[in-house]
Amino acid sequence: MEDDLQRSAIEDQIANFGQTPIQIFRKKHPRRGPPIPIAHPLYFAPGSINLTSIVSSTSYPSSSVLYVHILDSNIVIINQGITLSVKMWLTTQLQSGGNFTFSGSQDPFFGVGSDILSSRKIGSPLAESVELGAQCFATMQTPSENFLISCGNWENSFQVISLNDGRMVQSIRQHKDVVSCVAVTSDGSVLATGSFDTTVMVWEVRGRNAEKKFRTAQMEFPRKDCVIVETPFHILCGHDDIITCLFVSMELDIVISGSKDGTCIFHTLREGRYVRSLRHPNNCALSKLVASQHGRIVFYADDDLSLHLYSINGKHLASSESNGRLNCVELSRCGEFLVCAGDQGQIVVRSMNSLEVIKKYNGIGKIITSLTVTPEECFLAGTKDGSLLVYSIENPQQRLGNVPRNFKSKHSVAG
């Protein structure tokens with residue numbers, strides 16, 4: 001290069017900005033991964049959630065899905081006739097290893113995979129008076145294994161069933177009548193059961209540090225092979241009819257029980273002390289009960305198809321008509337949204353601050369009998385004919401374009 005000025009400029013450019021090499025890599029560049037789905041789509045972009053796939057929940061046709069829940073990336077399904085099956089819940093991280101198909105026009109980012117535990121009958125014969133539903137089942141996670149809690153059988157017991165192989169590992173009979181509903185704390189350390197005998201019993205789960213909090217000198221030491229200590233540490237009274245629904249929370253230190261007599265009674269979890277009672281405004285039997293970690297309680301009655309919202313201090317905040325029988329009333333994982341479904345075959349999302357309808361998701365014209373909200377805020381809905389409907393994010397590129405105006409200010413969590 002003869003021009004000194006040009007040579008000096010190029011040397012400065014190389015010194016400051018580098019030089020393009022002829023070749024960097026000797027193998028192909030790895031493929032770009034899938035887009036990351038929207039975090040908290042119910043809050044930021046409810047319009048991004050769509051019905052993306054329909055799969056059969058069991059090999060037996062027309063077997064209604066009574067209970068569906070996600071635990072440890074597994075889908076736990078209970079069908080009519082008390083048959084248990086466990087399938088994989090496929091997320092963006094797991095889809096590289098699954099063999100499954102979807103019916104959507106675009107590839108969804110969540111779905112139902114193959115069987116982990118094939119369909120099998122569990123439990124004892126049911127009592128004739130029991131209307132079996134999601135309230136009769138709960139999942140429980142321990143450090144060593146995952147379990148299903150099942151009730152409603154004729155022998156007045158509730159049963160602990162292993163989700164690894166479907167075997168019954170424990171059967172506990174302390175109630176004087178049929179056990180009608182069960183509930184577990186979010187950390188899996190405490191279990192509550194309600195019964196036709198009008199009482200609520202609260203139980204310790206071994207290996208979850210609950211024993212140190214609740215153990216008393218009068219209680220027998222648990223057997224080494226039991227999952228749940230077979231003597232309840234609280235027996236809670238106050239209802240005059242069948243216990244129909246339960247909620248138990250370690251964080252709020254509360255046990256809430258709903259009854260066919262229309263009452264909703266609060267007890268403290270640690271001491272078993274009575275706190276307060278609420279009564280349905282029309283004295284209807286309570287069918288469903290949910291409570292959020294923010295201290296908002298909603299109960300629903302089939303008799304008048306009404307939803308009622310209360311604070312944990314007993315203040316009535318809102319009421320709303322459901323416009324159809326609800327078979328499922330669930331909370332989103334963040335606790336800010338109430339997700340309902342039932343005979344109308346659609347999923348309705350409401351605010352937990354006002355019961356205002358936020359979004360309606362159409363189904364396929366079939367009655368929805370069970371529902372769960374996944375950690376990713378997708379929906380898994382079971383139908384009366386045995387189908388599983390997967391509502392998930394279909395297009396992660398869609399960001400905040402669908403956010404309703406003033407959505408955040410209207411539906412933010414109250415202090």
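Just so it is clear, the values below take in all heavy atoms, side chains as well, and ignore hydrogens, waters and symmetry mates.
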Begin with the C-alpha distance, continue with both residues' side-chain angles, and end with the deciding distance and a verdict on ring-ring contact (aromatic ring centres under 6.0 Å, His included) for Phe266 and Tyr274.
CA-CA 6 Å; Phe266 295 62; Tyr274 170 82; 9.0 Å; no
Is there a side-chain contact between Phe110 and Leu90 (heavy atoms, below 4.5 Å)?
no
If we count only N and O atoms by modelled type, under 3.5 Å, do the side chains of Thr52 and Asn50 hold a donor and an acceptor together?
no
Please confirm whether the backbone N or O of Val190 pairs with a side-chain atom of Thr185, one donor and one acceptor, at under 3.5 Å?
yes
Ignoring hydrogens and geometry, is there a side-chain-to-backbone donor-acceptor pair from Ser63 to Gly386 under 3.5 Å?
no
In terms of heavy-atom contacts, Ala192 and Val200 come closest through CB-CG1, 4.5 Å
Using atom types as modelled and distance alone, determine if a side-chain donor or acceptor of Asp304 lies under 3.5 Å from a backbone N or O of Ser306.
yes
For atom NZ of Lys288, is the number of surrounding heavy atoms from other residues, nucleotides or ligands below 6.0 Å larger than 12?
yes
Residues, nucleotides or ligands: over 12 heavy atoms within 6.0 Å of His316 NE2
yes
Using modelled atom types and a 3.5 Å cut-off, is there a donor and acceptor pairing between side-chain atoms of Asn327 and backbone atoms of Ile368?
yes
Taking side chain as C-beta onward, heavy atoms only, is Val184 less than 4.5 Å from Val248?
no
His308/His280 aromatic ring centres below 6.0 Å
yes
Pair Asn323, Gln344 - check side-chain hydrogen bond (donor to acceptor under 3.5 Å, both in side chains), show working.
CA-CA 9 Å; Asn323 299 320; Gln344 289 188 319; over 6 Å; no
Sole candidate of Ser277, Ser195, Ser257 that passes side chain to side chain donor-acceptor pair (under 3.5 Å) when paired with His239:
Ser257
Parallel, tilted or perpendicular: which describes the rings of Tyr67 and Phe137, with under 30° parallel and over 60° perpendicular?
tilted
Can you see whether Ser186 engages Glu251 through a side-chain donor-acceptor pair at a distance of less than 3.5 angstrom?
yes
Listing request: all salt bridge (Lys or Arg N to Asp or Glu O under 4.0 Å) pairs with a residue in residues 309-335, at least two apart in sequence or in separate chains.
Glu131-Arg325, Asp302-Arg325
May I ask you to decide if Asp261's main-chain N or O and Arg279's side chain share a donor-acceptor pair within less than 3.5 Å?
yes
Checking Thr142 side chain against Glu145 main chain: does a donor-acceptor pair fall under 3.5 Å?
yes
Flag for His175-Asp197: side-chain donor and acceptor within less than 3.5 Å:
yes
Kindly indicate whether the side chain of Ile254, heavy atoms from C-beta on, has any atom under 4.5 Å from the side chain of Thr268.
no
Could you report the tightest heavy-atom contact between Phe299 and Leu278, atom names first, then the distance?
CE2-CD1, 4.4 Å
Look up atom CD1 in Ile256 and atom CD1 in Ile312, then write down how far apart they are to the nearest 0.5 Å.
6.0 Å
Does some side-chain heavy atom of Ile116 sit less than 4.5 Å from a side-chain heavy atom of Met88?
yes
Regarding Trp203 and Thr193, is there a side-chain donor-to-acceptor distance under 3.5 Å anywhere?
yes
Taking Ser64 for its side chain and Leu66 for its backbone only, find out whether a donor-acceptor pair lies under 3.5 Å.
no
Ser171 and Glu155, any side-chain heavy atoms less than 4.5 Å apart
yes
Which atom names give the shortest non-hydrogen contact between Tyr300 and Gly324, and what distance separates them?
OH-O, 4.1 Å
Run the numbers on Ser157 and Asn153 for side-chain hydrogen bond (donor to acceptor under 3.5 Å, both in side chains), then give the verdict.
CA-CA 7 Å; Ser157 68; Asn153 57 68; 3.2 Å; yes
Check: Asn353 main-chain N/O paired with His294 side-chain donor or acceptor under 3.5 Å
no
So, Asn313 versus Ser311: side-chain donor-acceptor pair below 3.5 Å or not?
no
What's the verdict on side-chain hydrogen bond (donor to acceptor under 3.5 Å, both in side chains) for Arg120 and Ser118, showing C-alpha distance, side-chain angles and the deciding distance?
CA-CA 6 Å; Arg120 62 196 63 201; Ser118 58; 3.3 Å; yes
Using atom types as modelled and distance alone, determine if a side-chain donor or acceptor of Ser354 lies under 3.5 Å from a backbone N or O of Ser351.
no
Smallest separation among heavy atoms of Cys245 and Cys181, with atom names
N-SG, 3.8 Å
Tell me whether Ser180 contacts the main-chain N or O of Ile243 through its side chain, where contact means a donor paired with an acceptor under 3.5 Å.
yes
Quick one, Ile75 and Val68 - any side-chain contact, counting heavy atoms below 4.5 Å?
yes
